[in-house]
Asker: 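I have a structure I would like to understand better, so I am pasting it below and will then ask my questions one at a time.
Naming: A, B, ... by sequence-line order, numbering from 1 per chain. Computed from a predicted model, the values in this text were never measured in an experiment.
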There are 2 protein chains.
Amino acid sequence: MGKDSQRQQERHAIGADLIAVLVAAPNGNPVVLTIKDATALPSGPFELGHRSLQSGLRDWVEQQTGHPLGYIEQLYTFADRDRSGEDSPSRVISISYLGLTREEPSHATPPGSWRNWYEFFPWEDHRYGAPQVIADLIEPALRRWAGTGEHEDRRAKRLGRAAVCFGFDDRPWNEELTLQRYELLYEAGLVEEAVRKEEATSKPLVPGRAMDGDHRRILATGIARLRTKIKYRPVVFELMPPAFTLLQLQRAVEALAGVTVHKQNFRRLIEQQDLVEETGQMSSETGGRPAKLFRFRHAVLDERAVAGTK
Amino acid sequence: MGKDSQRQQERHAIGADLIAVLVAAPNGNPVVLTIKDATALPSGPFELGHRSLQSGLRDWVEQQTGHPLGYIEQLYTFADRDRSGEDSPSRVISISYLGLTREEPSHATPPGSWRNWYEFFPWEDHRYGAPQVIADLIEPALRRWAGTGEHEDRRAKRLGRAAVCFGFDDRPWNEELTLQRYELLYEAGLVEEAVRKEEATSKPLVPGRAMDGDHRRILATGIARLRTKIKYRPVVFELMPPAFTLLQLQRAVEALAGVTVHKQNFRRLIEQQDLVEETGQMSSETGGRPAKLFRFRHAVLDERAVAGTK
DNA sequence: CTTATTATGCTCTTGTTGAGTATAATAAGG
DNA sequence: CCTTATTATACTCAACAAGAGCATAATAAG
């Protein structure tokens, strides 16, 4: 009896927060919704009045941004003790979500709320070749860090991880490893969040805007999830306007993935999968030959277990 | 002030539960750990003493089964109100995990705790051809259900979903759709969990052992996750003994996926990826030509972002 | 010494993917 | 009007991966 009520006590000393990685891609810019001068992701408490976690999230996001959420997916739930204050009597469970929305809402959100996500991860954008910062800063710093491992096999492991993550030694760049890369930099003490509690460090940090708590890690999780998802589910269309050209679609995919794709192969893939249909309209905004406008064929979702792009 | 403390109140009226889908594969049998005469998945409260969610789970699973967990992955978190009692003053957040363990622990767990997971999903085992129950019961019942839709497009959608999920009309069987299939059957009122609250229904149900609450749905989620995961991550090895033959490995994969694979192609794939290395030992337990014994090459995990099997 | 059973090597065909070439349709500048 | 730049779109080809079969090797059981 006594033990049971004790347990009740413990169980109830817990709160729940919903954290959103809300993504849009207006004209090929990968943007994420932030608050507090881009130092945090929007979040809100989960309350008893909410029907479910998902609807709780939907409620306050639509209320705050004024735009409907096309797609929601749960990211991760955590409750590590060191994330809130030590010895705190209560504890918060954080449940993070990835949400996609069609347009960048300019009203109802303060200017500067939507940020290009590469402000937080400058090393993740390989659309114009590998960012200079990798060769100039990250690679030497990680090699130095790997060298400080205690045992030989520990050093080899560190070096191996770094090489896989960042594509050292002619290894291919894998855009899906966003989270692993951030965690590696964190472990190596190269991002601000990792050195906050320490004394003033002289160690130079890798550029990239930091965030409160582990919000940047959550954002990395969201980006990684989205980058893998677009390959086997047609979720990009949640970010597109009702009618779009194939190049606009390609630009959106490239913005999210952070890499460029072969134009002709991209079109072949999209068309052979019947993901889109022509609207009959043309777009001549680009200067060159006018492009056909397409719309997403929502019917494919019912027709088969459908793949994504690339 | 008043509003704030009100919110505090609401936030703290929440508890958290950890639910485990714990999987093993002793000699090619896909088994899952259950409690309460196989009507529930093992679960335990998340307490303040736990370092993190994951370690909390690890703690009580290892304590209860006496075997270490090789691999843990978060499945899903939910808190829908209708899952606990209506109008209850408190609410529980359930966080489910998928765990893989190497052996079937025969001690420390009561006999009958480990169950072949196809007891719960008889329609999911296609290793010996499509189960008779699909053609005999499921297909006709789902076609009947699809026909009761209100509008024409609603009926078409239902039929489309059913056909994709269960492979009607010569469509291919997709073993990864375990969750969608369960949810379809639930929606159609063909599983026990869906008709519990209703009056005694005359409707015949699809065979398959039911579970408390939505534990069967969670199990379906775990199976689906594992079936997709083995294709791009070498997680099967977490279920294998230290040394194994390629056929044993293949049997394990087939047991999980519920489909058979081409033997020679399977070997080609495993070997060309350098996932295993010979131990030098042979096994002659099968009767035929003795097979080489292999072990998993743990080093591959550091060498590259590695793919799985098939 | 035959048969059954399992292991393992090799081939062949097909489909997918990466990457290149060629041509069409427009705008802008002289 | 003609050239150039830019974008759209069609085709082709080589490399590779995946599905499926045949052939042969090595054992146990009768």
Side-chain angles (χ1 to χ4, degrees), chain A residues 27-28 126-127 129 170 172-176 230-232 243-254 257 259-294 304 306-310, chain B residues 27-28 126-127 129 170 172-176 230-232 243-254 257 259-295 304-310:
Chain A
N27 39 286
H126 286 233
R127 285 176 293 177
D170 291 313
W173 171 258
N174 185 343
E175 80 278 0
E176 295 181 13
I230 49 175
K231 292 188 183 168
Y232 65 98
F244 48 84
T245 71
L246 290 184
L247 186 61
Q248 284 170 341
L249 183 64
Q250 184 184 341
R251 292 285 181 246
V253 169
E254 291 176 334
V259 296
T260 54
V261 302
H262 185 99
K263 192 169 181 174
Q264 293 88 333
N265 293 343
F266 180 80
R267 310 172 118 269
R268 173 174 63 186
L269 190 70
I270 298 293
E271 289 183 328
Q272 86 187 2
Q273 288 202 129
D274 287 319
L275 290 175
V276 297
E277 62 190 359
E278 300 182 10
T279 64
Q281 315 280 93
M282 303 285 275
S283 161
S284 41
E285 289 168 7
T286 50
R289 171 174 170 175
K292 291 178 190 163
L293 282 170
F294 292 83
R304 56 205 152 79
V306 67
T309 58
K310 175 179 167 280
Chain B
N27 38 287
H126 286 233
R127 285 176 292 177
D170 292 311
W173 172 259
N174 184 342
E175 80 278 0
E176 296 181 13
I230 50 175
K231 292 188 181 166
Y232 64 96
F244 48 84
T245 71
L246 290 184
L247 187 61
Q248 284 170 342
L249 183 65
Q250 184 183 343
R251 292 285 179 246
V253 169
E254 290 176 336
V259 295
T260 55
V261 303
H262 186 100
K263 192 169 179 173
Q264 293 88 332
N265 294 344
F266 180 79
R267 308 172 118 271
R268 175 174 60 187
L269 191 68
I270 298 294
E271 290 183 329
Q272 85 186 3
Q273 288 201 129
D274 287 318
L275 289 175
V276 297
E277 62 190 0
E278 300 183 10
T279 64
Q281 314 280 95
M282 303 284 276
S283 160
S284 41
E285 288 168 8
T286 50
R289 170 173 170 177
K292 291 178 190 161
L293 282 171
F294 292 84
R295 77 171 72 91
R304 54 205 154 80
V306 67
T309 57
K310 175 179 166 278

Asker: On the nucleotide D/dA8, are OP1 or OP2 found under 4.0 Å from the side-chain N or O atoms that A/Lys263 carries?
Answerer: yes
Asker: In terms of side-chain geometry, is the basic nitrogen of A/Glu277 or A/Lys292 positioned less than 4.0 Å from the acidic oxygen of its partner?
Answerer: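 The answer is no: the pair does not qualify as a salt bridge.
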Asker: Can you tell me whether the side chain of A/Gln264 and the base of C/dT21 have a donor-acceptor pair closer than 3.5 Å?
Answerer: yes
Asker: Counting only Watson-Crick pairs (N1-N3 plus N6-O4 or O6-N4) and G-U wobbles (N1-O2, O6-N3), all under 3.5 Å, who is the partner of D/dA29?
Answerer: C/dT2
Asker: Side chain of B/Gln248, backbone of B/Thr245: donor and acceptor closer than 3.5 Å?
Answerer: yes
Asker: CZ of B/Arg268 versus C1' of C/dC10: gap in Å, rounded?
Answerer: 10 Å
Asker: Tell me the interatomic distance from B/Gln273, atom CD, to D/dA17, atom P, rounded to whole angstroms.
Answerer: 10 Å
Asker: Nearest whole Å is fine: how far is D/dT27 C1' from B/Arg289 CZ?
Answerer: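 So the CZ-C1' distance, B/Arg289 to D/dT27, works out to 9 Å.
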Asker: Could you tell me how far apart A/His262 (NE2) and C/dG20 (P) are, to the nearest whole angstrom?
Answerer: 7 Å
Asker: Between the side chain of B/Thr279 and the main-chain N/O of B/Leu293, is any donor-acceptor distance below 3.5 Å?
Answerer: yes
Asker: Contact class for A/Leu247 vs. all strands (heavy atom < 4.0 Å): base, sugar-phosphate, or nothing?
Answerer: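 Counting heavy atoms under 4.0 Å across all strands, the contact made by A/Leu247 is with sugar-phosphate only.
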Asker: Send over the distance from A/Leu293 CG to D/dT9 C1', rounded to a whole Å.
Answerer: 15 Å
Asker: Measure the distance from CD on B/Glu271 to P on C/dG9 and round it to the nearest whole Å.
Answerer: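 Rounding to the nearest Å, CD of B/Glu271 and P of C/dG9 are 6 Å apart.
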Asker: Among D/dA18, C/dG18, D/dA8, which is the nearest nucleotide to the side chain of A/Arg267?
Answerer: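 The nucleotide sitting nearest to the side chain is D/dA8.
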Asker: Calculate, to the nearest 0.5 Å, the distance between atoms CG and OG belonging to B/Leu247 and B/Ser283 respectively.
Answerer: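 So the CG of B/Leu247 and the OG of B/Ser283 are separated by 9.5 Å.
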Asker: With both distances under 3.5 Å as the test, what is the Watson-Crick or G-U wobble partner of D/dG21?
Answerer: C/dC10
Asker: One thing to verify: whether B/Glu278 and B/Arg295 come together as a salt bridge, which I'm taking to mean a side-chain N less than 4.0 angstrom from a carboxylate O.
Answerer: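 Salt bridge: no.
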Asker: Between A/Pro290 and B/Leu246, which residue's closest nucleotide on DNA chain C lies nearer the 5′ terminus?
Answerer: B/Leu246
Asker: Please report the distance, rounded to the nearest Å, between CG in B/Asn265 and P in C/dT13.
Answerer: 16 Å
Asker: Let me know the distance between CZ of B/Phe294 and C1' of C/dT8, rounded to the nearest Å.
Answerer: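 Atom CZ in B/Phe294 sits about 10 Å away from atom C1' in C/dT8.
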